Trainee: 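Attaching a single structure in structure tokens format; questions to follow.
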Amino acid sequence: VQLQASGGGLVQAGDSLRLSCTASGRTYSGRAMGWFRQAPGMERQFVAVVRLSGRTTYYSDSVKGRFTISRDNTKNAMYLQMNNLKPEDSAVYYCAATLRHYSNMAYYNTPGEYNYWGQGTLVTVSS
């Protein structure tokens, strides 16, 4: 499975961006897909995760209420709608997919729980 993230760019504080992640290769039947981000000199940070069904989501506190994660299984795609962006949201955003199943969505907040990763897309928010 190969993941391709896109949609990053340079925006001003308060603007919106929509990131996309498409999966290719053999049919992906993973349990969940997520977004992480990594700023220079920082550890990779969990952003959001969505189950295969698309009906269950979980967000980090720092983006809750501003970001929305979704997926379209007909297109093998996942999205991250980011509204009211802040300078502290600036980072390389990575999409990831996992074969693991957890009842508690909070367990998906660790990079080590994911089997596949995309190459990242840069988001820069100016103040």
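Everything numeric here is computed off the predicted structure, so don't read it as measured data.
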Trainee: Within this structure, what is the OH-CG distance for the pair Tyr58 and Asn104, rounded to the nearest 0.5 Å?
Mentor: 7.0 Å
Trainee: Is the shortest side-chain N to carboxylate O distance from Asp61 to Lys64 below 4.0 Å?
Mentor: yes
Trainee: Compare every heavy atom of Gly8 with every heavy atom of Thr121, then report the nearest pair and how far apart it is.
Mentor: OG1-N, 3.0 Å
Trainee: Within the structure provided, determine whether Met82 and Val11 are in side-chain contact (heavy-atom separation under 4.5 Å).
Mentor: no
Trainee: May I have the step-by-step check of side chain to side chain contact (heavy atoms under 4.5 Å, CB included) for Arg18 and Tyr79, ending in yes or no?
Mentor: CA-CA 7 Å; Arg18 188 193 194 209; Tyr79 307 99; 3.5 Å; yes
Trainee: Quiz question: by atom type and distance under 3.5 Å, do the side chains of Thr22 and Asn76 form a donor-acceptor pair?
Mentor: no
Trainee: If the test is ring pair (Phe, Tyr, Trp, His ring centres under 6.0 Å), which one of Tyr108, Tyr114, Phe36, Trp35 qualifies with Phe46?
Mentor: Phe36
Trainee: Does a side-chain heavy-atom distance below 4.5 Å link Phe67 with Ser60?
Mentor: no
Trainee: Find the distance between OG1 (Thr124) and CD (Gln12) and round it off to the nearest 0.5 Å.
Mentor: 12.5 Å
Trainee: I'd like to know if the side chain of Tyr93 reaches the main chain of Ala5, judged simply by a donor and an acceptor atom lying under 3.5 Å from each other, with no hydrogens or angles considered.
Mentor: no
Trainee: Could you report the tightest heavy-atom contact between Arg66 and Asn84, atom names first, then the distance?
Mentor: NH1-O, 3.0 Å
Trainee: Can you tell if the side chain of Leu19 reaches within under 4.5 Å of the side chain of Val123, non-hydrogen atoms only?
Mentor: yes
Trainee: Counting C-beta onward and ignoring hydrogens, is there a side-chain heavy-atom pair between Asn73 and Leu52 closer than 4.5 Å?
Mentor: yes
Trainee: Grab the two heavy atoms, one from Val50 and one from Thr57, that are nearest each other, plus how far apart they are.
Mentor: CG2-CG2, 3.8 Å
Trainee: Please give me the minimum heavy-atom distance between Cys21 and Met33, naming the atom from each residue.
Mentor: SG-CE, 4.0 Å
Trainee: Are Tyr94 and Gln38 side-chain neighbours, meaning at least one heavy-atom pair lies under 4.5 Å?
Mentor: yes
Trainee: With clusters defined by side-chain heavy atoms of hydrophobic residues (ILVMFWY) lying less than 4.5 Å apart, directly or transitively, does Val63 cluster with Leu122?
Mentor: no
Trainee: In Å, rounded to the nearest 0.5 Å, how long is the span from CZ of Arg51 to OH of Tyr102?
Mentor: 11.5 Å
Trainee: Taking the side chain as every heavy atom from C-beta outward, state whether Lys86 and Val125 have any pair of such atoms under 4.5 Å apart.
Mentor: no
Trainee: Do you know the tightest heavy-atom contact between Pro87 and Ser127?
Mentor: CG-CB, 3.8 Å
Trainee: Do the non-hydrogen side-chain atoms of Arg37 and Ser62 ever get within less than 4.5 Å of each other?
Mentor: yes
Trainee: What's the separation between atom CD1 in Ile69 and atom CD in Gln81, rounded to the nearest 0.5 Å?
Mentor: 12.5 Å
Trainee: Measure the SG-CZ distance between Cys95 and Arg71 for me, rounded to the nearest 0.5 Å.
Mentor: 11.0 Å
Trainee: First locate atom CG of Asn115, then atom OG1 of Thr98, and finally report the distance between them rounded to the nearest 0.5 Å.
Mentor: 4.5 Å
Trainee: Is there a path of hydrophobic side-chain contacts, each under 4.5 Å between heavy atoms of I/L/V/M/F/W/Y residues, joining Met105 to Tyr59?
Mentor: no
Trainee: With the 4.5 Å side-chain cut-off for hydrophobic clustering, are Trp117 and Leu3 part of the same group?
Mentor: no
